[in-house]
Amino acid sequence: MGDGRSGAKILEAPYIVTMDTQRRVLKGGALLVEGNTISAVGPREALQSRAPGAERLVFDRHVLLPGFIDCHEHATQMLGRGLADDVDEVTVRWGWDRIYPWEAILEEEDVYTGALLTAVELVRNGVTCFADPGGFLMDPVAKAVAESGIRAVLSVGGLDTWSEGFPLPASALHEDPTGWALGASEKLIEDWHGARGDRVRCGYSIRVLMNATEAFVLEVGRRARERDLTVQIHLAVSQSRVQWVIDQTGRRPVEYLDSLGVLGPNWLLTHMGWVDESEFPILKDRDVKVCHSPGSSMHNARGAVSRGKFPEMADLGISLCLASDAAACNNSLDMFRAMYLACLAHKEARLRLDIFPPETVLEMATLGGAKALLWEDAIGSLEPGKRADLIAVDLHRPNLSPFYDFSLIPNLVYSGDGADVAFTMVDGQILMQDRKIMFTDEDALVSRAQAIGSRLLEKVPFRIEPRWPFVGGEGSSRAGASAG
């Protein structure tokens, strides 16, 4: 399709949700995009006069929004969808018994295909940037990100030890596991940080404290602080994991990390369903970012909604962002669904209507994500000088009609769907137009992903039987089994 951004473009729409400091919604406005940057935002006539030769893209029944920022998305798990549904964390554990063994058998082409499929699903759902907390193979993810045109912050899933009850696959262990984890992270950063005109960034990751030595945590913290890079970690995910940290360190998870002196604005703590209010001052004082993934927690019954304290964190001004998590544990990458759950589930759990209004949740999905990824200077809102990362949502849809000025934002959050996204642009490049993916043959990619998934299912050290009987035809073998 070419680079999709040659020359200036004027994008016109009935509504433009700017997410600027005043949270203005322009009616009958336009954006001037030059190269990869938004040059101007304002009335259509003014921008047409300013750039009379610009190509006009008219969205006559749409709202233009900043692209969503998914702050926790495992691209390496894309082809693992369905392999760890409804596991109970006791007899069969989601990570150590299902996903880690599955990740350990992946080859580079498997990861690349899954990552490219991740980009397709994200772009289809209006996501223009994601943060990946990493797996064992991340170079193929970086290649897929670079080729697709999506924006991302990537990291190697940092693991350097196994603890009783939390074993790692043999292939994930090395003679010097701490050195390997740090070295793999450094190579990813050296090879990819700032690539593709700074569309690809890299940082560090500590996957879970149960599989991270204190020396590794300290060194990651030091390196990230010195280089102003992000650190992603799954933290306070469940009651049992919190208790493990207390038993090992005498402190709660946030308290433990703070005692090491590593926490700061560059740390992104994901899940946090079992954080205690006593830890809030640390999060606030250190400007630590907290990522909420309601779909993932609800899928695995971990308590982020029923037990979590996200409304209290929001009230205190702790910086929050939003995520889908992964195809293996949500299992949808639709950020509209994530917004819907974040907005409504807490109201139901607390029997309160005054928490998490739609506007707040939309901020989490855009500006909150930009701040969490240390990228708020360039993305998260539609303002002059920022990168042209934006989406067009079709308002002429049954689920969004009728709408009024006062109901535009609530409708998007309460009844919006990824299928409503008609156009996605990242860095001034059109990645989806008229709901057609521009950077790959989507049908061929899905077929390739299905073939790889079927092959991988034959190699995993577990068997999953469908709950209902499948009879007749072909494909009812192990490769066609669904999780149960």
Side-chain angles (χ1 to χ4, degrees), residues 10-33 38 40-47 57-70 123-129 294 314 320-322 334-347 353-370 379-384 386 388-425 432-435:
I10 294 177
L11 287 73
E12 306 173 11
Y15 295 92
I16 300 176
V17 179
T18 66
M19 299 303 294
D20 64 9
T21 55
Q22 298 176 285
R23 303 296 187 263
R24 294 180 305 155
V25 179
L26 303 184
K27 299 182 67 174
L31 300 169
L32 174 60
V33 174
I38 299 171
V41 182
R44 297 181 184 185
E45 296 77 9
L47 269 60
L57 300 179
V58 180
F59 300 91
D60 56 5
R61 62 186 202 181
H62 300 71
V63 54
L64 297 180
L65 298 157
F68 300 132
I69 301 172
D70 188 332
V123 166
R124 279 208 164 279
N125 288 295
V127 175
T128 54
C129 178
L320 300 179
C321 55
L322 201 61
D334 187 347
M335 283 287 280
F336 283 93
R337 182 181 295 190
M339 289 194 298
Y340 175 85
L341 292 174
C343 196
L344 293 188
H346 292 281
K347 299 180 192 298
L353 287 172
D354 62 339
I355 54 178
F356 279 132
E359 292 80 4
T360 295
V361 175
L362 184 57
E363 288 177 353
M364 290 168 61
T366 53
L367 284 171
I379 61 176
S381 61
L382 303 181
E383 299 180 83
K386 289 203 170 185
D389 289 14
L390 56 95
I391 62 176
V393 176
D394 187 355
L395 295 173
H396 195 72
R397 304 271 288 181
N399 56 303
L400 293 175
S401 302
F403 66 89
Y404 314 97
D405 289 358
F406 63 82
S407 67
L408 177 65
I409 304 303
N411 272 15
L412 289 171
V413 174
Y414 288 143
S415 56
D417 185 272
D420 302 327
V421 179
F423 175 91
T424 303
M425 172 182 279
M432 183 174 71
Q433 189 162 23
D434 296 326
R435 297 186 176 86

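Judged purely by distance below 3.5 Å, without hydrogens or angles, the side chains of Asp420 and Asn399 pair a donor atom with an acceptor atom. Under the 3.5 Å distance criterion, with hydrogens and angles disregarded, no donor-acceptor pair is assigned to the side chains of Tyr404 and Asn411.
The aromatic ring centres of Tyr340 and Tyr414 sit 6.0 Å or more apart.
Here the straight-line distance linking atom CZ of Arg44 with atom CD1 of Ile16 works out to 8.0 Å at 0.5 Å rounding. A distance of 13.0 Å separates CG of Leu367 from CG of Leu320, quoted to the nearest 0.5 Å. Separation of atoms OG1 (Thr366) and CG (Asp389) is listed at 12.0 Å; rounding is to 0.5 Å. How far CZ of Arg24 is from CG of Leu382: 11.0 Å, rounded to the nearest 0.5 Å.
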Apply the test side-chain contact (heavy atoms from CB on, under 4.5 Å) to residues Leu362 and Glu359: give CA-CA distance (whole Å), side-chain angles for both, the deciding distance (0.1 Å), then the verdict.
-> CA-CA 5 Å; Leu362 184 57; Glu359 292 80 4; 5.8 Å; no
Show your reasoning for whether side-chain contact (heavy atoms from CB on, under 4.5 Å) applies to Leu65 and Leu390.
-> CA-CA 6 Å; Leu65 298 157; Leu390 56 95; over 6 Å; no
Please report the C-alpha distance between Cys129 and Asp70 in whole Å, then the side-chain angles of each, then the deciding distance to 0.1 Å, and finally whether the side-chain contact (heavy atoms from CB on, under 4.5 Å) criterion is met.
-> CA-CA 6 Å; Cys129 178; Asp70 188 332; over 6 Å; no
Which is it for Val63 and Val25 under the side-chain contact (heavy atoms from CB on, under 4.5 Å) test, yes or no, and what are the steps along the way?
-> CA-CA 10 Å; Val63 54; Val25 179; 5.9 Å; no
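Side chains of Tyr15 and Leu64 form no contact here, defined as non-hydrogen atoms less than 4.5 Å apart. A heavy-atom distance below 4.5 Å is not found between the side chains of Met339 and Met364. Between Val41 and Pro384, some side-chain heavy-atom pair lies under the 4.5 Å cut-off. Contact of the Thr18 side chain with the Ser381 side chain is not registered, since no non-hydrogen atoms from C-beta on lie closer than 4.5 Å. You'll find the side chain of Leu57 stays beyond 4.5 Å of the side chain of Glu12, heavy atoms only.
Shown here are the side-chain hydrogen bond (donor to acceptor under 3.5 Å, both in side chains) partners of Thr424, two or more places apart in sequence or in another chain: there are none.
Using a cutoff of 4.0 Å between basic side-chain nitrogens and carboxylate oxygens, Arg435 and Asp394 are scored as salt-bridged. In this structure, Lys27 pairs ionically with Asp405, as a charged nitrogen and a carboxylate oxygen lie closer than 4.0 Å.
Across Pro66 and Met19, no two heavy atoms sit closer than the pair CG-CG, 3.6 Å. Nearest heavy atom pair, residue Pro357 against residue Cys343, reads C-SG, 3.9 Å. Summarising the geometry of Pro294 relative to Ala338, their closest heavy-atom pair is CG-O, 3.7 Å, with the distance given to 0.1 Å. Of all non-hydrogen atoms in Gly418 and Asp334, the two that sit nearest each other are N-OD2, 3.1 Å. Closest of all the heavy-atom pairs between Val421 and Val123 is CG1-O, 4.4 Å. Residues Asn125 and Met335 approach most closely at CB-N, 4.5 Å, considering heavy atoms.
Lys386 contributes no side-chain N or O that, together with a main-chain N or O of Gly380, makes up a donor-acceptor pair within less than 3.5 Å. At distances below 3.5 Å, not a single donor-acceptor pair connects side-chain atoms of Arg61 with backbone N or O atoms of Pro14. Ser407 contributes no side-chain N or O that, together with a main-chain N or O of Phe403, makes up a donor-acceptor pair within less than 3.5 Å. Counting only distance, with no hydrogens or angles, the side chain of Asp417 and the backbone of Ala419 share a donor-acceptor pair below 3.5 Å.
Put simply, the residue from Leu11, Ile391, Val393 that forms a side-chain contact (heavy atoms from CB on, under 4.5 Å) with Phe423 is Leu11.
Note: His346 and Phe356 have tilted aromatic rings, judged against thresholds of 30 and 60 degrees for the angle between ring planes.
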